[in-house]
Amino acid sequence: RFALSNLRPDKFQIGEYASVEEVISNHILQPDLPFIKMMSVCRNGHVCSDWTDQYEMMMETYSQAYDSTQSWASQYIESGTNRCRLCTEIPQHIYKFTHFPGFLLMAIPAENAHITSIDEKIHIQVDEHANEYVVSGIIYFGQRHFITRTFHGGKQWVYDGIVNSLSQSC
């Protein structure tokens with residue numbers, strides 16, 4: 001809680017209780033500025049929706065399994081759900097970073113976890129500038145259970161919510 005208060009003092013007060021879900025959903029994932037833009041284009045090159053700002057901090061993948069977290073950050077593309085009005089093809093949502101976020105959150109579905117390798121470092125490109133992000137933690141979660149792995153100084157710490165008799169909401 002102290003580290004979160006230093007990171008975002010306007011959002012996290014020292015001493016106040018907040019569940020993991022509340023911290024992630026209501027505070028961390030709602031940035032003050034957009035950091036990514038999305039555009040939808042079908043296979044025939046029709047622009048289904050022009051660039052729009054995205055305020056969601058979570059990078060999620062539903063339709064594609066990426067080889068690595070770096071390839072995902074470099075070419076973040078997902079299948080759309082609506083059809084192109086001109087040719088009825090399903091468009092691709094293309095994402096482009098416009099600002100460097102303070103940190104990245106990437107949600108990998110359990111069925112893709114064995115496909116997507118976790119890179120120790122991830123490089124993000126914004127125009128002609130690049131920024132490096134170092135993986136400092138991983139949270140695996142499911143139905144009322146979570147496991148965290150944190151990394152610092154070449155060491156790894158693991159916390160298992162079930163082994164420690166705590167649910168995800170604690």
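Since the model is a prediction, treat every value here as computed from it, not as a measurement.
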Write down the atom of [X], the atom of [Y], and the distance for their closest heavy-atom approach.
{"X": "Ile90", "Y": "Gly80", "value": "CG2-O, 3.3 Å"}
{"X": "Asp53", "Y": "Lys37", "value": "OD1-CE, 3.3 Å"}
{"X": "Ile124", "Y": "Ala73", "value": "CD1-CB, 3.5 Å"}
{"X": "Ile77", "Y": "Gln64", "value": "O-OE1, 3.2 Å"}
{"X": "Cys42", "Y": "Glu89", "value": "CB-CB, 4.1 Å"}
{"X": "Met106", "Y": "Thr69", "value": "CE-O, 3.5 Å"}

Pairwise distance [atom1]([X]) to [atom2]([Y]) - rounded to 0.5 angstrom:
{"X": "Asp67", "Y": "Thr116", "atom1": "CG", "atom2": "OG1", "result": "7.5 Å"}
{"X": "Ser71", "Y": "Asp119", "atom1": "OG", "atom2": "CG", "result": "7.5 Å"}
{"X": "Cys48", "Y": "Leu86", "atom1": "SG", "atom2": "CG", "result": "7.5 Å"}
{"X": "His46", "Y": "Thr88", "atom1": "NE2", "atom2": "OG1", "result": "10.5 Å"}
{"X": "Met39", "Y": "Lys96", "atom1": "CE", "atom2": "NZ", "result": "9.0 Å"}

| query | Which is it for Leu104 and Phe97 under the side-chain contact (heavy atoms from CB on, under 4.5 Å) test, yes or no, and what are the steps along the way? | reply | CA-CA 11 Å; Leu104 293 173; Phe97 286 93; 4.1 Å; yes
| message | Is the shortest side-chain heavy-atom distance between Ile36 and Met38 below 4.5 Å? | response | no
| request: Mark yes when over 12 heavy atoms from residues, nucleotides or ligands other than Glu120 sit less than 6.0 Å from its CD; otherwise mark no. | output: no
Using modelled atom types and a 3.5 Å cut-off, is there a donor and acceptor pairing between side-chain atoms of [X] and backbone atoms of [Y]?
{"X": "Thr61", "Y": "Glu78", "answer": "no"}
{"X": "Gln125", "Y": "Asp127", "answer": "yes"}
{"X": "Gln70", "Y": "His123", "answer": "yes"}

| field | Single-linkage hydrophobic cluster, 4.5 Å side-chain cutoff, Val135 and Ile115 together | value | no
| query | If Ile, Leu, Val, Met, Phe, Trp and Tyr residues are connected whenever their side-chain heavy atoms lie under 4.5 Å apart, and connections chain through other members, are Met59 and Phe103 in the same group? | reply | yes
| request: Measure the acute angle between the ring planes of Tyr76 and Tyr66, then classify it against the limits of 30° and 60° as parallel, tilted or perpendicular. | output: perpendicular
| request: Evaluate side-chain contact (heavy atoms from CB on, under 4.5 Å) for Gln156 paired with Thr150, printing each intermediate quantity in order. | output: CA-CA 6 Å; Gln156 176 182 177; Thr150 55; over 6 Å; no
| said: I'd like to know whether the aromatic ring centres of Phe100 and Phe35 sit less than 6.0 Å apart in this structure. | reply: no
| request: Begin from the C-alpha positions of Ser79 and Gln92 and carry the test side-chain contact (heavy atoms from CB on, under 4.5 Å) through to its verdict. | output: CA-CA 5 Å; Ser79 289; Gln92 297 289 309; 3.3 Å; yes
| request: Show your reasoning for whether side-chain contact (heavy atoms from CB on, under 4.5 Å) applies to Val41 and Ile94. | output: CA-CA 8 Å; Val41 179; Ile94 301 165; 4.1 Å; yes
